[in-house]
Amino acid sequence: MTDSTDAATGTPPAPRRVSIEYCTQCRWLPRAAWLAQELLTTFEAELTELSLRPGTGGVFVVRVDDEVVWDRREQGFPEPTAVKKLVRDRVAPGKTLGHSER
């Protein structure tokens, strides 16, 4: 088996994509890039793709496989730990986040 197959079934894992849509007018690229780095570091084996999507109108939305898990308009700006927990629950439910969960 290679790292790209499921040991139990021998099939490739389902693609896990995260996207972060951010407002270019508000200059939120650095915030989006920092959150992307946090997620890629935490879920390097679980994610198959992470994209940054420029938007406008104050948008800052995090999606996992097209499901909105965080929307700034409803929840404010996320703390990385909060987003990591939401992503973990969808892509690696058994994974511990270490000190982030304390």
Side-chain angles (χ1 to χ4, degrees):
M1 297 285 139
T2 66
D3 288 340
S4 62
T5 60
D6 181 288
T9 64
T11 60
R16 293 309 206 169
R17 296 180 179 96
V18 172
S19 69
I20 302 171
E21 185 178 4
Y22 64 94
C23 181
T24 57
Q25 296 166 316
C26 301
R27 306 272 188 236
W28 288 340
L29 174 58
R31 186 185 296 255
W34 176 67
L35 183 57
Q37 176 185 323
E38 289 289 316
L39 293 172
L40 286 169
T41 300
T42 302
F43 301 105
E44 61 186 340
E46 291 85 6
L47 297 180
T48 56
E49 179 180 322
L50 193 145
S51 64
L52 297 176
R53 299 175 55 192
T56 58
V59 68
F60 196 93
V61 176
V62 180
R63 293 178 178 87
V64 176
D65 296 332
D66 297 322
E67 175 192 358
V68 173
V69 297
W70 196 277
D71 187 334
R72 182 201 63 82
R73 289 185 180 141
E74 295 174 12
Q75 298 156 288
F77 274 111
E79 290 295 323
T81 301
V83 176
K84 286 180 184 182
K85 287 178 181 178
L86 293 167
V87 171
R88 185 264 321 267
D89 292 348
R90 285 153 181 84
V91 304
K95 184 179 180 90
T96 180
L97 296 177
H99 73 278
S100 294
E101 290 193 289
R102 293 188 186 131

Practice item. State, yes or no, whether a side-chain contact exists between Leu29 and Leu52 at a heavy-atom distance under 4.5 Å. Key: yes
Exercise for review: Report whether Val83 and Trp34 are members of the same hydrophobic cluster (ILVMFWY, side-chain heavy atoms less than 4.5 Å apart, transitive linking).
Suggested key: no
Review point. Linking I/L/V/M/F/W/Y whenever any side-chain heavy atoms sit under 4.5 Å apart, do Leu40 and Val87 land together?
Key: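 As far as the 4.5 Å side-chain criterion goes, Val87 and Leu40 are connected within one cluster.
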Check [X] against [Y] and note the closest heavy-atom contact, atom names and distance.
X	Y	value
Leu35	Pro78	CD2-CG, 4.4 Å
Pro54	Thr24	CB-CG2, 3.5 Å
Leu86	Val69	CD1-O, 3.2 Å
Gly58	Cys26	CA-SG, 3.9 Å
Leu50	Ala36	CD2-CB, 3.4 Å

Review point. Got a sec, which hydrophobics cluster with Val68, joining ILVMFWY side chains under 4.5 Å apart, including via others?
Key: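 Same cluster as Val68: Val59, Val61.
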Practice item. Only pairs at least two apart or in different chains count here, so list each salt bridge (Lys or Arg N to Asp or Glu O under 4.0 Å) that has a residue in residues 29-44. Key: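 Listed by first then second residue: Glu38-Lys84.
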Point to revise | Residue pairs passing the salt bridge (Lys or Arg N to Asp or Glu O under 4.0 Å) test where at least one lies in residues 47-56, sequence neighbours excluded | key: Arg17-Glu49
Exercise for review: Could you name each residue pair satisfying ring-ring contact (aromatic ring centres under 6.0 Å, His included) that touches residues 37-82, not counting sequence neighbours?
Suggested key: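 As it turns out, the ring-ring contact (aromatic ring centres under 6.0 Å, His included) pairs with a partner in residues 37-82, which skip direct neighbours, are Trp28-Phe77, Phe60-Phe77.
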**Study point:** OG1 on Thr42 to NZ on Lys85, rounded to 0.5 Å
**Key:**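 Reported to 0.5 Å precision, the distance equals 12.5 Å.
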Practice item. Please identify each residue that fulfils salt bridge (charged side-chain N to carboxylate O under 4.0 Å, His left out) with Glu46, with sequence neighbours left out. Key: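 Partners of Glu46 under the salt bridge (charged side-chain N to carboxylate O under 4.0 Å, His left out) test: Lys95.
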Point to revise | With Glu74 via side chain to side chain contact (heavy atoms under 4.5 Å, CB included) - residues at least two apart | key: Asp71
Practice item. Determine yes or no for a side-chain-to-main-chain donor-acceptor pair under 3.5 angstrom, with Gln25 supplying the side chain and Gly57 the backbone. Key: yes
Check your understanding: Any side chain to side chain donor-acceptor pair (under 3.5 Å) pairs touching residues 54-68, not counting sequence neighbours?
Key -> Arg16-Asp65, Glu21-Arg63, Glu67-Arg90
